[in-house]
Amino acid sequence: MTIKVAPSILAADYLNLERDVKLVEAAGAELLHIDVMDGMFVPSISYGPGWVKALRPMTGLVLDVHLMVEQPERYIDTFAAAGADIIGVHVEATQHIHRALQQIKGHGKKAEVVINPGTPVSAIESVLDMVDQVLVMTVNPGFGGQKFLPATLKKIARLAELKAEFGYDFDIEIDGGANDETTALAYQAGATVAVAGSYVYDKVDPAAKIARLKAVTTD
């Protein structure tokens with residue numbers, strides 16, 4: 001088994017977005033990661049639901065929408081209608097994480113819970129039975145190009161233990177600092193999906209980078 005790769009359009013060429021999306025799709029990526037940032041939960045500002053709506057007809061990739069926003073419940077309905085396949089919400093961004101995940105599932109979408117580097121796995125244990133994916137931030141959210149935080153490997157391993165213990169069926173996704181070395185370490189700890197932004201969209205050879213990520217995670 002190899003890890004699933006989710007290129008992040010945050011690092012793509014916005015003026016040639018369709019080209020960059022089709023390139024990674026042809027290279028074997030399984031998901032397309034879309035970071036939605038509101039300038040409040042994180043300092044940066046990025047895309048709205050219009051981007052997701054525009055991307056939906058141009059690709060068959062799973063649209064993995066990561067809401068880095070305060071009170072994500074306000075936006076779930078809109079992003080679901082725009083064509084998101086997976087919607088991720090931060091446990092730190094809402095007082096009602098269970099209700100937010102229910103809201104996502106109510107639209108027939110896959111629900112993802114997200115934790116920041118400083119948040120323990122114990123903060124989300126009570127909702128692991130209802131999620132399709134857990135995203136472990138392996139850098140502090142808000143900016144691309146950061147270095148992978150090795151301490152997050154323990155959280156990945158803990159999630160893998162809980163999956164095995166309780167028979168859960170969620171993917172474990174990492175986001176931040178992914179390259180062939182760090183992705184291999186995360187995969188060994190139990191990760192099944194890797195978000196890769198600047199590593200893939202380095203303007204050299206994105207297809208080769210995706211191949212390298214998959215090569216280092218071959219059992």
Side-chain angles (χ1 to χ4, degrees), residues 1-8 28-36 52 61-69 72-73 75-76 79-80 83-94 96-139 141 148-149 151-178 182-196 213-214 217-219:
M1 179 185 295
T2 58
I3 202 160
K4 290 181 278 188
V5 178
S8 173
E30 290 86 1
L31 302 88
L32 195 67
H33 194 76
I34 304 166
D35 287 311
V36 177
V52 176
L61 292 173
V62 172
L63 298 186
D64 179 19
V65 176
H66 175 193
L67 297 181
M68 289 186 274
V69 302
E73 302 93 328
Y75 304 106
I76 288 169
F79 277 97
D85 296 303
I86 302 172
I87 300 177
V89 292
H90 277 258
V91 68
E92 306 91 352
T94 176
H96 302 286
I97 188 61
H98 190 282
R99 185 167 68 195
L101 295 169
Q102 279 186 323
Q103 188 178 352
I104 296 167
K105 301 288 266 188
H107 286 285
K109 307 297 183 178
K110 290 187 176 182
E112 173 185 75
V113 64
V114 190
I115 52 174
N116 282 333
T119 302
V121 170
S122 59
I124 58 170
E125 284 191 39
S126 62
V127 296
L128 290 179
D129 63 332
M130 65 186 300
V131 300
D132 302 286
Q133 190 159 277
V134 178
L135 173 52
V136 177
M137 291 302 303
T138 45
V139 298
F148 184 93
L149 296 171
T152 58
L153 291 169
K154 294 179 181 178
K155 292 198 286 187
I156 297 166
R158 177 58 182 153
L159 285 164
E161 289 174 357
L162 291 168
K163 278 182 67 174
E165 181 179 354
F166 294 101
Y168 295 143
D169 190 30
F170 53 78
D171 274 312
I172 301 173
E173 184 175 54
I174 61 163
D175 185 359
T182 57
T183 298
L185 292 172
Y187 179 76
Q188 290 162 14
T192 58
V193 184
V195 175
L213 291 178
K214 290 183 174 292
T217 59
T218 302
D219 287 337

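Keep in mind that what you see is a predicted model, and the values were worked out from it rather than measured. Residues take their numbers from the sequence shown, with the count starting at 1.
The CG atom of Leu159 sits 5.0 Å away from atom CD1 of Ile172, with the distance rounded to the nearest 0.5 Å. Note that the CG atom of Leu63 and the CG atom of Leu31 stand 9.0 Å from one another [nearest 0.5 Å]. One finds the OG1 atom of Thr119 at 9.0 Å from the CD1 atom of Ile124 (value rounded to the nearest 0.5 Å). Annotation: the span from Thr183 atom OG1 to Gln188 atom CD amounts to 11.0 Å, rounded to 0.5 Å. If you take CG on Asp35 and CE on Met68, they are separated by 3.5 Å, rounding to the nearest 0.5 Å.
With sequence neighbours excluded, the residues that form a ring-ring contact (aromatic ring centres under 6.0 Å, His included) with His33 are His66. Among residues two or more places apart in sequence or in another chain, the side chain to side chain donor-acceptor pair (under 3.5 Å) test is passed with Gln103 by Asp77. With sequence neighbours left out, Phe170 forms a ring-ring contact (aromatic ring centres under 6.0 Å, His included) with Tyr168. Not a single salt bridge (Lys or Arg N to Asp or Glu O under 4.0 Å) links Glu92 to another residue, sequence neighbours left out. The salt bridge (Lys or Arg N to Asp or Glu O under 4.0 Å) search around Lys154 returns none, not counting sequence neighbours.
The residue from Ile115, Asn116, Thr138 that alone fulfils the side chain to side chain contact (heavy atoms under 4.5 Å, CB included) condition with Thr152 is Thr138. Checked against Asp64 for a side chain to side chain contact (heavy atoms under 4.5 Å, CB included), the options Asp85, Ile86, Ile34 give a single hit: Ile86.
Salt-bridge annotation for Asp132 and Lys109: absent, with no side-chain N of the basic residue lying under 4.0 Å from a carboxylate O of the acidic one.
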(Q) Assess the residue pair Tyr187 and Met1 against the criterion (side-chain contact (heavy atoms from CB on, under 4.5 Å)); give the C-alpha distance rounded to whole Å, side-chain angles, the decisive distance to 0.1 Å, and a yes or no. (A) CA-CA 10 Å; Tyr187 179 76; Met1 179 185 295; 3.9 Å; yes
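Put simply, the side chain of Ile156 does not reach to within 4.5 Å of the side chain of Leu185, judged on heavy atoms. Side-chain contact between Leu153 and Phe148 is present, with heavy atoms from C-beta onward closer than 4.5 Å. Residues Glu125 and Arg158 have side chains in contact (heavy-atom distance under 4.5 Å, counting atoms from C-beta outward). At a threshold of 4.5 Å between non-hydrogen side-chain atoms, the residues Phe79 and Leu67 count as touching.
Judged by distance alone, the side chain of Thr217 and the main-chain N or O of Lys214 form a donor-acceptor pair under 3.5 Å. Judged by distance alone, the side chain of Glu112 and the main-chain N or O of Val134 form no donor-acceptor pair under 3.5 Å.
Within the structure, salt bridge (charged side-chain N to carboxylate O under 4.0 Å, His left out) contacts touching residues 163-175 (residues at least two apart or in different chains) are Lys4-Asp171.
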